[in-house]
Structure formats: C-alpha cells, structure tokens
Enquirer: 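Have a look at the structure that comes next, please.
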Amino acid sequence: MAEISLTFPDGNSRSYPQGVTPAAVAESISKSLSKKAISATVDGAHWDLQWPIEGDASIAINTMQDEDAALELIRHDLAHVMARAVQAIWPQTKVTIGPVTEYGWFYDFDRAEPFTPEDLGQIEAKMKEIIAARDPVRTEIWDRDRARQHYADAGEPFKVELVDRIPEGAPIRMYWHGDWQDLCRGPHLQHTGQLPADAFKLMGVSGAYWFGDVNRPMLQRVSGVAFRNRDDLKKYLNFLEEAAKRDHRRLGREMDLFHMQEEAPGQVFWHPNGWTVYTTLQDYMRRQQRRGGYVEVNTPQVVDRKLWVASGHWEKYQENMFIVEVDEEHAREKAVNALKPMNCPCHVQIYNQGMKSYRDLPLRMAEFGSCNRYEPSGALHGIMRVRGFTQDDAHIFCTEAQIESETARFIEFLSRIYSDLGFPEFEVLFSTRPEVRAGSDETWDKAEAALLSATRAAGIEPRVNPGEGAFYGPKLEFTLTDAIGRKWQCGTHQVDFVLPERLDAEYVGADGAKHRPVMLHRACLGSFERFIGILIEEHAGKLPFWLAPRQVVVASITSEADDYVAEVVSALAEAGVRAEADMRNEKINYKVREHSVGKVPVILAVGHREVEERTVTVRRLGEQRTEVTALDQIVAALAAEATPPDLR
RNA sequence: GCCGGUGUAGCUCAGCUGGUAGAGCACGUCAUUCGUAAUGAUGGGGUCGGGGGUUCGAGUCCCUUCACCGGCACCA
C-alpha cells in the first residue's frame with residue numbers, strides 16, 4: 001500500500017499508509033491524545049478525525065485547547081444535537097440547516113406548531129441527555145441519487161433541495177450522531193460526550209425565510225450560544241447584560257433625552273436634553289462644513305410627484321415614500337406629493353437655477369436634510385432606524401476629473417470629524433459596479449479607479465465589495481466600531497452619473513459647450529438620530545463633556561448655601577457651561593445618586609465650607625473621589641472642557 | 001412586510017384556574033438642613049394599548065387592530 005508523509009507542527013514527519021485518518025494518526029501518537037482529539041487541521045483545512053488523508057500533508061491534531069477549532073465543532077455539533085433533540089420530542093418536525101454563528105449556532109425547522117419559549121427548556125434537557133449518552137459520530141460519503149432518495153423517503157423535502165444544491169464534484173457527506181442522521185459538510189467531534197453540557201444556552205425562537213427568500217416558506221429558527229466552558233458562557237451572558245445597559249432606548253428615557261409614541265411610529269420626540277445633544281452636534285457639523293468649503297441650503301419637505309418621477313424615485317422607491325394627496329378645490333384631480341425621502345433631487349433644483357460654468361465646480365451643497373421614509377414596520381429600532389430623520393447630507397457637483405480629488409478631500413474631512421467625535425478608527429468598504437447599471441464601462445472604470453486611488457492615498461486599503469455598488473455609480477461606505485465591538489455603517493460617498501442626466505443638470509465648459517456634471521452623494525454621520533443613538537451606546541450614556549446635555553449640577557448641602565449655588569450656576573452659565581442648580585431639600589447623598597443615574601458628568605457640592613472659602617467640591621461621574629477647588633478655577637476648567645473639539 | 005413574543009400608574013413589575021386592580025421608585029404635601037449613589041411620614045394617581053365578542057360578571061377567555069421587543073426580509 002502506498003505511503004504518505006505527514007508533517008507535524010513541530011516540523012517532524014512520519015509516514016503513514018495512504019488514506020490514514022487523523023484518528024489513526026492521533027492513536028499512533030498516544031492513547032491520551034486520541035481520546036482528547038476533536039479534529040485535525042490538514043494543510044490548513046479543518047479536517048474530521050474520520051476523513052482519510054490521501055497525500056503528503058501537514059497535520060495538527062486539535063483538542064479543546066485549540067480555541068477556533070473547538071468552538072466551531074462545539075457549536076456545529078450542538079446544532080445537530082439540538083435538531084436531534086427537537087425531532088425526538090416532535091417527530092413531525094422537518095430539518096433544514098444549522099450553521100455556526102458568531103457566538104453559537106442556529107437550526108431552522110419546519111413545523112406546523114410554533115415553538116414557544118417554554119419549549120426551549122425541554123429541548124435543552126433533551127440535548128443534555130444526548131450529550132450524556134456519549135453517542136459516537138460517524139460519517140459516510142454517499143452519491144447524490146442515494147442521498148436524494150433517502151431524504152425523499154424520510155419526508156425531508158428541504159434536505160432533498162440541499163442535496164440538489166451541492167455542487168457537482170463536491171462530496172455529499174452524511175453524518176450520524178448516534179442513530180440520528182443529517183446531511184453535513186462536517187467536520188464533527190468524535191462523540192457527543194465531547195460537548196460541554198454546561199456551556200451552552202438556547203437563546204430564542206424566531207422566524208427565518210428558507211434561503212433568506214421572502215417567497216419561500218418561513219421556518220422557525222431556534223438559536224443558541226455555546227462556549228468551551230461555563231465561565232466563558234457566563235462572561236458572554238454578562239456581556240449581553242452590559243450591552244442591555246447601554247441600550248439607547250433605555251438610556252434615552254433615563255437621561256430624559258427623547259421619547260417615541262404610537263401616534264408617530266419611527267419618529268422621535270426630542271426632549272430638551274436630547275435636543276441639546278442634537279443641536280450641539282449639528283452646530284459642530286455646521287462649522288465643519290463651512291471649514292470644508294460647503295455651502296448650506298434648505299429644501300422643501302413636500303414635493304410634487306413630477307419631480308420624483310423625473311428623478312426615478314417614483315418608480316424605484318415609491319413604496320418607501322410617504323405620499324400626500326391634496327384635494328384642491330378647482331383642480332381636475334388630486335395633487336399627489338411625497339415627503340422627500342432624500343435630498344438629492346431638490347439639490348439639483350438649486351443647482352439648475354441659473355447657468356453654471358466649469359468655474360463654479362466643484363460646488364459642494366450641504367443640507368441638514370429632514371427626510372421621511374416609510375420603512376417596513378419590522379425594521380424600526382429605537383432612534384437607530386426611523387421613518388423621520390435628518391441627514392448630514394451634501395452633494396458635490398463636479399467634473400469627472402474632479403472625482404478623485406473630491407473623494408480624497410472628503411475622506412480627510414470625515415476622518416477629522418470621526419476623530420473629534422471619538423472614533424479615530426474606521427473601516428472603508430468599496431462597492432463596485434453591479435450587474436445592472438447605468439453609464440458606460442469606460443465611465444465606471446474611471447470612477448472606480450478614482451475612488452480607489454483616493455482611498456489609498458489616504459493610507460486606507462478598502463475592503464472591496466464586488467458588485468454591490470449602486471446602479472448609478474460606485475460607492476465607499478465608512479463603518480465605525482463601538483466600545484463593545486459592534487459595527488455601524490455611518491458615512492457614505494457615492495458617485496452618481498445618472499441623476500444629473502435625469503434632472504438635466506449641466507455646466508458650460510471651458511470649450512463653451514454644455515456638459516453634465518457628476519454628483520457625489522456623501523454623508524458623515526448618516527443621520528443625526530442614528531448617530532446620537534450610536535454615541536449614547538458607545539459611551540453608555542456618559543457622553544463627552546462637550547456633548548453632555550446636562551454638564552454640571554450645583555447641589556446645595558444646606559439651604560444656607562442657596563445663594564452661593566445660584567452664584568456658581570450663573571458664573572458657569574456665563575462661561576458657556578450648561579449648569580443647573582439643585583437646591584431641593586434633600587440630602588447630598590440623594591442628589592449625588594440621582595444625578596449620577598442621570599449621567600451628569602460633574603456634580604459641584606456646596607455647603608458651609610464652600611460658601612466661606614468660595615470653593616466647590618467637585619465630583620466627577622463614576623469617581624468616588626472628590627476634590628475641593630476654587631470657584632474661578634473650576635469655572636475656567638469646565639469652560640475649557642465644554643469647548644467643542646474643533647474650537648479648542 | 002413575515003414568524004414568534006409582549007402591552008396593567010410617569011418607570012420597573014405583581015395580579016393563581018374569570019368575581020370588579022396592587023407594590024417599589026417617581027410625583028404632591030409636611031417634618032427634617034443633612035458632607036458625596038435612595039431621610040421619614042403622608043397624599044394623589046390606572047376606562048389594565050384600541051375596538052368587538054363570549055359571560056350574570058373580562059386585566060384574565062376568543063376575534064380583530066395598533067404599537068413595541070427578538071429574529072428574518074428590507075436599508076434603490
């Protein structure tokens with residue numbers, strides 16, 4: 001029999017018969033390794049212990065110490081164990097797919113009855129039984145007809161479809177966990193007893209379309225999380241609790257920033273505190289835009305259908321628009337208007353007033369554009385995904401030759417803003433031409449090259465997202481990562497060849513002839529609503545001092561200090577600090593607690609001593625420590641801190 | 001939009017198998033003037049998300065509708 005040579009991680013090689021399995025290799029090394037082994041890595045591929053190795057290769061035997069392999073196997077085997085448990089309890093359930101996710105797995109089932117949250121406990125108990133049974137896992141490769149027939153006989157139509165979808169030439173692997181069988185690409189553990197029975201948890205039930213397609217049946221997804229040990233699971237559950245505490249919907253209420261109500265779903269009622277954050281951020285953006293060479297405009301909310309037809313929105317975006325019909329007395333038919341879902345068509349109207357020359361370009365037109373989109377009800381989420389919002393929007397009208405320099409300029413503009421707002425790091429995604437598109441290949445070549453080279457010139461290598469560009473042009477998307485690792489796409493920069501054409505924008509070139517400008521759609525924050533939501537969650541409500549809605553509370557310890565409290569508050573207000581007095585007849589403990597819960601960054605406590613010495617006792621949010629400081633000193637210090645980053 | 005869940009006082013939540021709504025916090029009043037995360041007493045506050053039905057009787061059961069939550073789909 002032919003021999004092959006396997007090279008171990010330490011560099012040593014040994015020869016084995018061709019077709020040897022990693023299980024046998026582990027066995028040949030030591031009894032204990034063969035027990036502990038969970039899988040192998042063969043030439044970089046994750047390899048089942050039962051799969052034969054047919055040629056010379058590098059090999060490493062994985063154990064639970066190898067985190068990546070261990071987590072993948074634990075989660076993947078748990079998916080199978082769960083599906084088995086579900087079919088054991090409800091035999092009529094049809095199985096579909098059960099992949100590994102970031103922290104666990106899910107399995108989609110087809111069953112007439114819905115799973116209830118109470119069912120989860122039962123499923124979990126059954127899973128633990130299966131783990132305790134230490135059932136062996138085995139695998140075979142079948143041919144397509146046999147696999148298809150097997151699933152057809154078993155009444156598993158989804159599996160039949162999966163068999164059909166496996167590409168020609170790829171092995172069709174059948175797996176057994178004990179006597180329970182599933183189609184699976186593997187790899188899997190040796191036996192169910194290798195699963196940690198105390199390190200997983202079922203998290204919930206939800207709906208999911210088969211293959212993500214709205215037109216296909218809706219399945220029931222049961223999902224879980226799993227780790228290598230109980231501590232890791234606990235850590236993860238803790239993390240979820242922490243994330244829940246940062247939830248902007250909860251903090252929005254606790255900090256009295258905004259509320260939402262049934263009568264205006266997906267729209268924000270900004271309270272004084274929240275509106276302070278909003279306007280502070282907007283003031284900052286307005287200064288940045290002026291500095292960045294933009295002109296600011298403002299355009300109508302309710303616009304006649306004619307414009308949306310011309311721009312193409314009526315055809316492509318209508319179901320997302322709020323339509324407003326107006327019955328006018330002498331008109332033949334109702335006037336049909338729509339609330340603007342985007343600002344671009346209106347900006348072109350301003351551009352089109354008067355003849356533009358190439359000397360006017362690039363023309364950077366910004367608007368804090370208030371838009372309304374009829375988002376599907378299921379998409380709404382706090383102030384992050386809403387139906388009424390304001391974008392920090394701008395359109396740059398320029399020539400094709402200016403795309404590159406304007407892109408570079410925008411990336412610089414956005415970098416500074418993100419850095420000021422506490423996000424020095426961001427990722428860039430570059431979406432290239434889709435199948436269906438407007439504009440010539442030559443134009444696309446130029447635009448894509450311009451975006452790419454401008455991004456690279458900024459020292460950023462974008463991740464390419466092939467074919468995901470808009471039909472009207474390629475785009476860059478800018479994504480922030482927050483303090484707990486979640487990603488938020490905020491900024492965007494899109495080239496548009498189509499809208500200037502549709503809305504007939506033109507300029508007179510140096511040659512005296514008329515030309516089409518290119519439009520660049522761009523935003524940094526995206527929408528104020530969403531960005532403020534991100535800021536709240538990023539900082540867990542403890543916003544940077546300059547953005548904090550209530551910056552300072554001056555709290556009296558005894559009512560004899562009231563006059564001095566008022567004096568301190570007005571000194572701070574005079575210096576541009578948002579300060580308020582708390583002269584209520586309450587103990588200082590009570591006041592400190594209340595304002596700490598309200599995330600006020602600085603509490604100044606004053607009693608007899610402070611009145612006499614003209615000082616204040618400073619307590620910063622989250623610190624136990626207090627510090628006595630002279631009044632004029634703290635006023636100057638807080639005034640400096642309250643200054644927005646761009647004015648320092 | 002789809003699947004599932006939830007909706008009781010401003011907030012967080014209790015209210016068993018139907019018998020006519022309750023706590024803590026918040027708010028008002030009074031007392032207390034207090035040194036860094038809840039002082040005490042006392043008072044007011046709910047057509048139980050909306051509509052319809054079953055029933056002698058509905059917060060509780062049924063239907064319907066709206067909103068929210070978790071996913072899926074969507075985010076040209």
Side-chain angles (χ1 to χ4, degrees), chain A residues 101 106 108-111 113-119 203-223 244 247 249-250 253-254 256 259-266 311-321 341-342 344 373-382 384-386 434 436 438 468-472 475 477 489 492 494 496 498-499 521 526-527 530 555-562 583-598 603-610 617-628:
Chain A
T101 59
F106 64 77
D108 288 348
F109 299 100
D110 182 46
R111 175 180 171 234
E113 291 293 301
F115 290 108
T116 67
E118 292 71 48
D119 292 340
M203 299 300 282
V205 192
S206 62
Y209 297 108
W210 175 233
F211 276 100
D213 183 343
V214 199
N215 301 309
R216 314 272 337 242
M218 172 147 299
L219 307 168
Q220 297 190 63
R221 173 167 300 179
V222 181
S223 53
D247 191 313
R249 293 166 297 189
R250 168 183 172 148
R253 187 172 52 240
E254 287 174 1
D256 197 14
H259 85 272
M260 304 178 84
Q261 65 186 49
E262 244 183 81
E263 289 79 356
S311 68
H313 288 86
W314 197 256
E315 187 200 350
K316 290 216 188 291
Y317 204 70
Q318 193 182 155
E319 54 182 45
N320 283 292
M321 297 205 284
M342 293 168 204
C344 21
R373 296 182 187 172
Y374 189 80
E375 299 285 359
S377 56
L380 303 179
H381 177 83
M384 302 282 218
R385 187 81 184 270
V386 286
V436 181
E468 289 300 309
F471 77 93
Y472 51 70
K475 61 184 177 186
E477 289 177 339
Q489 194 239 299
T492 183
Q494 312 178 5
D496 187 350
V498 172
L499 200 61
H521 306 247
S527 88
R530 180 175 146 91
S556 59
I557 293 168
T558 86
S559 56
E560 289 166 43
D562 285 358
M583 295 187 278
R584 290 174 304 170
N585 178 10
E586 293 291 351
K587 295 169 85 164
I588 192 66
N589 288 292
Y590 181 89
K591 296 182 182 181
V592 165
R593 181 187 144 76
E594 188 177 276
H595 301 307
S596 299
V597 169
I603 298 171
L604 302 180
V606 300
H608 298 294
R609 289 206 295 273
E610 288 80 2
T617 299
V618 185
R619 183 185 163 118
R620 299 244 171 201
L621 181 58
E623 289 180 20
Q624 298 288 315
R625 191 170 58 85
T626 61
E627 195 182 353
V628 179

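Each chain gets a letter, A, B and so on, in the order its sequence line appears, and its residues count up from 1.
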Enquirer: Mind checking A:Thr617 for me? I need base, sugar-phosphate or nothing, with any heavy atom below 4.0 Å counting as a touch.
Expert: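 The answer is base, as A:Thr617 lies within the cut-off (heavy atoms under 4.0 Å) of a base atom.
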
Enquirer: List for me each residue that meets side chain to side chain donor-acceptor pair (under 3.5 Å) alongside A:Arg221, sequence neighbours excluded, and say none if there are none.
Expert: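 With sequence neighbours excluded, A:Arg221 shows a side chain to side chain donor-acceptor pair (under 3.5 Å) to A:Asp108, given in chain and number order.
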
Enquirer: Looking only at N and O atoms, is any donor in the side chain of A:Arg216 or the base of B:A73 less than 3.5 Å from an acceptor on the other one?
Expert: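 Such a pair does not exist between side chain and base.
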
Enquirer: Closest to the A:Leu380 side chain: B:C75, B:G35, B:C68?
Expert: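 Nearest listed nucleotide: B:C68.
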
Enquirer: What's the CG-C1' distance between A:Asp247 and B:G70, to the nearest Å?
Expert: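 Value for this atom pair: 12 Å.
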
Enquirer: Base of B:U36, side chain of A:Thr626 - is there a donor-acceptor contact under 3.5 Å?
Expert: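 Such a pair does not exist between side chain and base.
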
Enquirer: Of the options B:A37, B:C69, B:C34, whose atoms approach the side-chain atoms of A:Arg249 most closely?
Expert: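 Of the options given, the side chain of A:Arg249 lies nearest B:C69.
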
Enquirer: May I ask you to say what A:Tyr472 touches in the nucleic acid, namely base, sugar-phosphate or nothing, with a heavy-atom cut-off under 4.0 Å?
Expert: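 Here A:Tyr472 touches the bases of the nucleic acid.
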
Enquirer: With a 3.5 Å limit on both atom pairs, tell me what B:G24 is paired to, counting Watson-Crick and G-U wobble, or say none.
Expert: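 WC or wobble partner is B:C11.
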
Enquirer: Is there any protein nitrogen or oxygen under 3.5 Å from a nitrogen or oxygen in nucleotides 24-28 of chain B, and what are the pairs?
Expert:
from, atom 1, to, atom 2, distance (Å)
B:A26, OP1, A:Tyr590, OH, 3.1

Enquirer: For atom P, what is the distance between B:A67 and B:U55, given to the nearest Å?
Expert: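 Straight-line distance between the two P atoms is 32 Å.
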
Enquirer: Report which part of the nucleic acid A:Ala470 touches: base, sugar-phosphate, or nothing (heavy-atom distance under 4.0 Å, all strands).
Expert: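 Nothing, no nucleic acid heavy atom in range.
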
Enquirer: The side chain of A:Tyr374 lies closest to which of these nucleotides: B:G1, B:C34, B:A37?
Expert: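 Closest nucleotide to the A:Tyr374 side chain: B:G1.
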
Enquirer: Any strand counts, and the cut-off is 3.5 Å on both contacts for Watson-Crick or G-U wobble. Which nucleotide pairs with B:U6?
Expert: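 When the pairing criteria are applied, B:A67 turns out to be the nucleotide that pairs with B:U6.
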
Enquirer: By nearest atom, which of the nucleotides B:C72, B:C34, B:C75 is closest to the A:Tyr209 side chain?
Expert: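 Nearest nucleotide to the side chain: B:C72.
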
Enquirer: Which nucleotide, in any strand shown, forms a Watson-Crick or G-U wobble pair with B:U36, with both distances under 3.5 Å?
Expert: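 B:U36 is unpaired by these criteria.
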
Enquirer: At less than 4.0 Å, is any side-chain N or O atom of A:Arg619 found next to OP1 or OP2 of B:A37? Yes or no.
Expert: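 Yes, because at least one side-chain N or O of A:Arg619 sits under 4.0 Å from OP1 or OP2 of B:A37.
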
Enquirer: For a quick test of your reading: what N or O donor-acceptor pairs under 3.5 Å do the side chains of residues 617-624 of chain A make, sequence neighbours left out?
Expert:
from, atom 1, to, atom 2, distance (Å)
A:Thr617, OG1, A:Glu610, OE2, 2.5
A:Arg619, NH2, A:Glu623, O, 3.4
A:Arg620, NH1, A:Glu641, OE1, 3.1
A:Arg620, NH1, A:Glu641, OE2, 3.0
A:Arg620, NH2, A:Glu641, OE1, 2.8
A:Glu623, OE1, A:Arg625, NH2, 3.1

Enquirer: Which residues pass the side-chain contact (heavy atoms from CB on, under 4.5 Å) test with A:Tyr209, not counting sequence neighbours?
Expert: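 Listed in chain order: A:Val214, A:Met218.
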
Enquirer: By the 4.0 Å heavy-atom rule, please label A:Gly607 as base, sugar-phosphate, or nothing.
Expert: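 It contacts base atoms.
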
Enquirer: Measure CD1/A:Ile603 against C1'/B:G35 and give the value in whole Å, please.
Expert: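 Distance, rounded to whole Å: 13 Å.
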
Enquirer: Just jot down the salt bridge (Lys or Arg N to Asp or Glu O under 4.0 Å) partners of A:Arg373, sequence neighbours excluded, or say none.
Expert: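 For A:Arg373 there are no salt bridge (Lys or Arg N to Asp or Glu O under 4.0 Å) partners, ignoring immediate neighbours.
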
Enquirer: List in chain and number order the residues that pass ring pair (Phe, Tyr, Trp, His ring centres under 6.0 Å) with A:His259, two or more places apart in sequence or in another chain; answer none if no residue qualifies.
Expert: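 Once residues adjacent in sequence are excluded, the partners of A:His259 under the ring pair (Phe, Tyr, Trp, His ring centres under 6.0 Å) criterion are A:Phe269, A:His271.
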
Enquirer: Describe the nucleic acid contact of A:Tyr317 in one word from base, sugar-phosphate, nothing, applying a heavy-atom distance below 4.0 Å.
Expert: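 Base, at least one base heavy atom under 4.0 Å.
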
Enquirer: About how many Å separate OH of A:Tyr317 and OG of A:Ser311, when rounded to the nearest 0.5 Å?
Expert: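 Answer rounded to 0.5 Å: 12.0 Å.
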
Enquirer: Using both distances under 3.5 Å as the test, list the Watson-Crick or G-U wobble partner of B:G1, or none.
Expert: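 Check on B:G1: paired to B:C72, both distances under 3.5 Å.
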
Enquirer: Whole-Å distance between B:C75 C1' and A:Gln489 CD?
Expert: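 Between C1' of B:C75 and CD of A:Gln489: 9 Å.
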
Enquirer: Categorize A:Gly526 for me: base, sugar-phosphate, or nothing, with a 4.0 angstrom heavy-atom threshold over every strand shown.
Expert: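 Since no nucleic acid heavy atom lies under 4.0 Å of A:Gly526, the category is nothing.
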
Enquirer: Provide a list of protein-nucleic acid N or O atom pairs under 3.5 angstrom, restricted to nucleotides 3-10 of chain B.
Expert:
from, atom 1, to, atom 2, distance (Å)
B:C3, O2, A:Gly207, N, 3.2

Enquirer: Look at the side chain of A:Asn589 and decide which nucleotide, out of B:U36, B:G70, B:G35, has an atom nearest to it.
Expert: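 The closest nucleotide is B:U36.
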
Enquirer: Let's test this: given Watson-Crick or G-U wobble pairing with both distances under 3.5 Å, identify the partner of B:U47.
Expert: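 Pair assignment: B:U47 / none.
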
Enquirer: Output the distance between atom CD (A:Glu113) and atom CD (A:Gln220), rounded to the nearest 0.5 Å.
Expert: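 Between A:Glu113 CD and A:Gln220 CD, I get 9.0 Å after rounding to 0.5 Å.
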
Enquirer: At under 4.0 Å, does any side-chain N or O of A:His381 touch on OP1 or OP2 of B:G70?
Expert: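 The answer is yes; a side-chain N or O of A:His381 sits under 4.0 Å from OP1 or OP2.
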
Enquirer: Going by distance alone, is a donor N or O of one side chain under 3.5 Å from an acceptor N or O of the other, for A:Asp119 and A:Thr116?
Expert: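 Yes, because at least one side-chain N or O of A:Asp119 sits under 3.5 Å from a partner of the opposite role on A:Thr116.
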
Enquirer: Considering Watson-Crick and G-U wobble pairs with both distances under 3.5 Å, what does B:G59 pair with?
Expert: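 Matched B:G59 with nothing under the 3.5 Å cut-off.
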
Enquirer: B:U29 pairs with which nucleotide, Watson-Crick or G-U wobble, both distances below 3.5 Å?
Expert: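 By the stated definition (distances under 3.5 Å), B:A41 pairs with B:U29.
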
Enquirer: To the nearest 0.5 Å, how far apart are SG in A:Cys344 and NE2 in A:His521?
Expert: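 Rounded to the nearest 0.5 Å, the SG-NE2 separation comes to 5.0 Å.
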
Enquirer: Given B:A38, B:G1, B:U33, which nucleotide is nearest the side-chain atoms of A:Ser377?
Expert: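 When the side chain of A:Ser377 is considered, B:G1 is the closest of B:A38, B:G1, B:U33.
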
Enquirer: Taking side-chain contact (heavy atoms from CB on, under 4.5 Å) as the test, write out the residues that go with A:Glu594, two or more places apart.
Expert: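 By the side-chain contact (heavy atoms from CB on, under 4.5 Å) rule, A:Glu594 matches A:Arg584, A:Tyr590.
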
Enquirer: Using the test ring pair (Phe, Tyr, Trp, His ring centres under 6.0 Å), find all partners of A:His313 that sit at least two apart in sequence or belong to another chain.
Expert: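 By the ring pair (Phe, Tyr, Trp, His ring centres under 6.0 Å) rule, A:His313 matches A:Trp308.
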
Enquirer: Which nucleotide in the set B:G71, B:A73, B:U33 lies at the smallest distance from any side-chain heavy atom of A:Arg221?
Expert: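 Nearest to the side chain of A:Arg221 among the choices is B:G71.
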
Enquirer: Should we count CD of A:Glu315 as having more than 12 external heavy atoms under 6.0 Å?
Expert: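 Not buried by this count: 12 neighbours or fewer within 6.0 Å.
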
Enquirer: Quick check on RNA chain B: between A:Gln624 and A:Glu375, whose nearest nucleotide comes earlier from the 5' end?
Expert: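 The residue whose closest nucleotide sits nearer the 5' end is A:Gln624.
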
Enquirer: Counting heavy atoms from C-beta on, name the nucleotide in B:A38, B:G1, B:U39 closest to the side chain of A:Glu586.
Expert: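 Closest nucleotide among those given: B:U39.
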
Enquirer: I'd like the C1' distance from B:C61 over to B:U54, given in whole Å.
Expert: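 Roughly 8 Å separates the two C1' atoms.
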
Enquirer: Mind checking A:His608 for me? I need base, sugar-phosphate or nothing, with any heavy atom below 4.0 Å counting as a touch.
Expert: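 Base contact - A:His608 has a heavy atom under 4.0 Å of at least one base atom.
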
Enquirer: Does B:U54 pair with anything, Watson-Crick or G-U wobble, both distances under 3.5 Å, and if so, with which nucleotide?
Expert: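 WC or wobble partner does not exist here.
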
Enquirer: Please give, in whole Å, the distance from B:G50 P to A:Glu263 CD?
Expert: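 In whole Å, B:G50 P lies 12 Å from A:Glu263 CD.
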
